[in-house]
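What you see below is based on every heavy atom in this structure, not just the backbone, and it leaves out hydrogens, waters and symmetry mates. By convention in this document, chain letters (A, B, ...) are assigned in the order of the sequence lines, proteins followed by strands, and residues within each chain are numbered from 1.
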Amino acid sequence: MDYQISHLKELEAESMYILREVAAQFERPVLMFSGGKDSILMVHLAHKAFYPARIPFPLLHVDTGHNFPETLKYRDKLVEKLGVKLIVASVEEAISTGLVTEERGFNASRNMLQIGVLLDALERGKYDAALGGARRDEEKARAKERFFSHRDEFGQWDPKNQRPELWNLFNGKKNMGEHFRIFPISNWTELDVWQYLAEEKVDLPSLYFAHERKVFERDGALLADCEYIMKKPDELVFTEMVRCRTIGDMTCTGVWRSGAGTIEDIIEEVATTRLTERGGRTDDKRSETAMEDRKKEGYF
Amino acid sequence: MSHFAELLRFTTAGSVDDGKSTLIGRLLYDSKSIFQDQYDQIKETSERRGEEGVNLALLTDGLKSEREQGITIDVAYRYFSTPRRKFIIADTPGHIQYTRNMVTGASSANVALILIDARNGVVDQTRRHAIIASLLQIPHIVVCINKMDLVDYDRDAYDKIQSSFESFAAKLDVKDVHFIPISALNGDNVVNRSDKTPWYEGPTLMYYLENVHIASDHNFIDQRFPVQYVIRPYNDEFHDFRGYAGRLAGGVIKVGDEVTLLPSGFTTSVKNIYGPDGDLQEAFPPQSITVQLEEDFDLSRGDMIVRAHNQPEVTQDIDVMMCWFDHSKPLQSHGKYTLQHTTQSVRCIIKEIRYKLDINTLHRIKDDLVINMNDIARVSLRTTKPLFVDSYRQNRVTGSVILVDEANNNTVAAGMII
């Protein structure tokens, strides 16, 4: 007899294995939660991996203070439902204490500031493993990531000197003060994520579905009009049917013209689109290796 | 809504000159897996550097230093899918010093894709790839004889290469080898059948990848369940619950199965199996499950649940074929390392380096036993605690180990148990 499972069930099994491996190998893991679909998927998988016990680690939200209000509402509901602990690391607070310095100008974003705040939160909480929802298909530097990615005592990534990963054997050994970034959904593509979330009927933030929003155009991408972004005089605000393909801070998350009102519409859209999901992210556009440069310093 | 497609992992090896990047680029492009903005970006970069055409290697060479040096340093993972299957490519640099990367990419692959330049035939690098595919027990090998356009799609040239590869492969432990004449550049027999090779009656590469039978690549006979993590909810609803979580490494496990627990040797039976979607009557590799037993014994991570009448070898002495990864120092005879095997982590000592394998000829070298990076050697080890092992040939999960340097925590070797 043939025992077969679908690619989605195989990815699910792989991710559950990694999540359990983290709970077994590390003393103080934490799951980095942004409110985007990938971190929602991570929480869903963690719930399955440890059922009927609670997820054995807290969620960490690096809050830039520039969130879509929908994200915070969704986050708080999820945390309450699962009974997990939420830790909020505030960029706003870090600016006021002087840990990081606010950028100025038209392209000002708190994206880079998250690095310092994240590393500070990991250090304060003595977390030795930070779980992230980054995927290898997202971006070329992320394509080189390991499942278990070692970070030195400054939180830095050394992409040229990574530990080889073979079979199901993951080496999480480290010295005091060092930590690991763990990426359980490395092998999922954007389409896999959507197909799986649809199959599992996972509740999602309304931002992912088409809605009317006040927007303006910058560098070929649409940005949501909000108080956090300084507009140039020629940047005019208009109303458009849009949805988010990724959810980050409001200052750097582009929105897309879309009429996709259901998850099935989204799958159809993702399956036929000719543009990558991070194409709307202004944080990746700062240079050709913007992601690699940020990752080396300790970005998500 | 349900969308059934299997997952196939394959590894490619070859140098730039073999047309590997072109082939991967074509698979991605023809399956519409390259996005417009990605394509525009690499086109712009290629033009800026004054390169002719669009350099598809830029798609996989993600790191700054790789793009600068024009070489692939590390394994790159690429993804594409067709309605039938989803594919993960572990694209490994084919340069001589990167055996380490090839071994890494090969460890999880269902299929090895070996590229041969039709003008050059079987060369050292081809032999090296075949030996690694054989050592790592990749279940299927597909040999793409590329650049057929440059030999006028000549059947004799193709036949000669095929028989030369076959006579070499006869010395190896490979089961399923397939040959396809292609031109990655022109797309002959990659996704579409070529009208220039009427003498070839086999499938195109894409058809092969979509249809090769991989459902039996796991071992479904010898039940092996390494305990990964113990689930104890401590809440009112499940206050006595004790579940053993893990990923089934071999065989099928069913509710009611009589099982033996290792290392204790106690016997009990399976009470419940929880899958990701609730109760299951049976489970099989590679599923991640949680098992409840009829009687509660003190079972913990590193222990193994097996069938009472089909047990792995319980031993502190193993022989492995080892690939050494560390560039800073050679394998230390009588050295001590941490060894990871399934969910166990133990210490081990290198008892004897038996021979080094000449990766081009398969000769056993016994007069030079210095094992440097990328060397493959047969080594005898002794561990501080018993392991529950099968031969790698029988089970890739329970037959594999890695070694970790205790001074710097680096993964320094991979071993296949003999």
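With chain B as partner, the option from A/G172, A/A24, A/P52, A/A49 having the largest number of non-hydrogen pairs under 4.5 angstrom is A/P52. Counting heavy-atom pairs under 4.5 Å between each of A/Q25, A/H47, A/R20 and chain B puts A/R20 at the top. By number of non-hydrogen pairs under 4.5 angstrom with chain B, the leading residue of A/L11, A/D192, A/L191 is A/D192. Each of B/V103, B/I289, B/V397 has some count of heavy-atom pairs under 4.5 Å with chain A, and the biggest count is that of B/I289. When the candidates A/H150, A/K48, A/K9, A/R136 are compared by the number of heavy-atom contacts under 4.5 Å with chain B, A/R136 comes out ahead. Of the listed residues (B/A414, B/A106, B/S107), the one with the most heavy-atom contacts under 4.5 Å to chain A is B/S107.
With a 4.5 angstrom heavy-atom cutoff, B/I402 touches chain A via backbone and side-chain atoms both. A/E12 touches chain B through its side chain: at least one heavy atom from C-beta onward sits under 4.5 Å away, while N, CA, C and O do not. Contact of A/S186 with chain B is made through the backbone alone, with heavy-atom distances under 4.5 Å. For A/E200, the part sitting under 4.5 Å from any heavy atom of chain B is the side chain, from C-beta outward, and nothing else. At a 4.5 Å heavy-atom cutoff, the contact between A/N171 and chain B is made by backbone and side-chain atoms alike. For B/N235, the part sitting under 4.5 Å from any heavy atom of chain A is the side chain, from C-beta outward, and nothing else. Contact of B/T338 with chain A is made through the side chain alone, with heavy-atom distances under 4.5 Å. Proximity to chain B is limited to the backbone of A/F170, based on heavy atoms less than 4.5 angstrom apart.
Between A/Y3 and B/F220, the two ring planes are tilted [angle within 30° to 60°].
Taking the charged nitrogens against the carboxylate oxygens, B/R85 and B/E6 do have a contact shorter than 4.0 Å, which makes a salt bridge. Here A/R135 does not pair with A/E145 in a salt bridge; the nearest charged N to carboxylate O distance is not below 4.0 Å. Under a 4.0 Å N-O distance rule, the pair A/D137/B/R78 does not qualify as a salt bridge. Between A/R243 and A/E269, at least one side-chain N (NZ, or NE/NH1/NH2) sits under 4.0 Å from a carboxylate O, which counts as a salt bridge.
Two rings, from A/Y196 and A/W188, have their centers less than 6.0 Å apart.
Shown here is B/E406, whose CD atom has more than 12 heavy atoms of other residues, nucleotides or ligands within 6.0 Å.
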- Message: Run the side-chain hydrogen bond (donor to acceptor under 3.5 Å, both in side chains) test on B/T104 and B/N101 for me, step by step, so that the C-alpha distance in whole Å, both residues' side-chain angles and the decisive distance to 0.1 Å come before the verdict.
- Response: CA-CA 5 Å; B/T104 302; B/N101 286 328; 5.1 Å; no
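When atom types are taken as modelled, the side chain of B/Q228 and the backbone of A/Y17 share a donor-acceptor pair closer than 3.5 angstrom.
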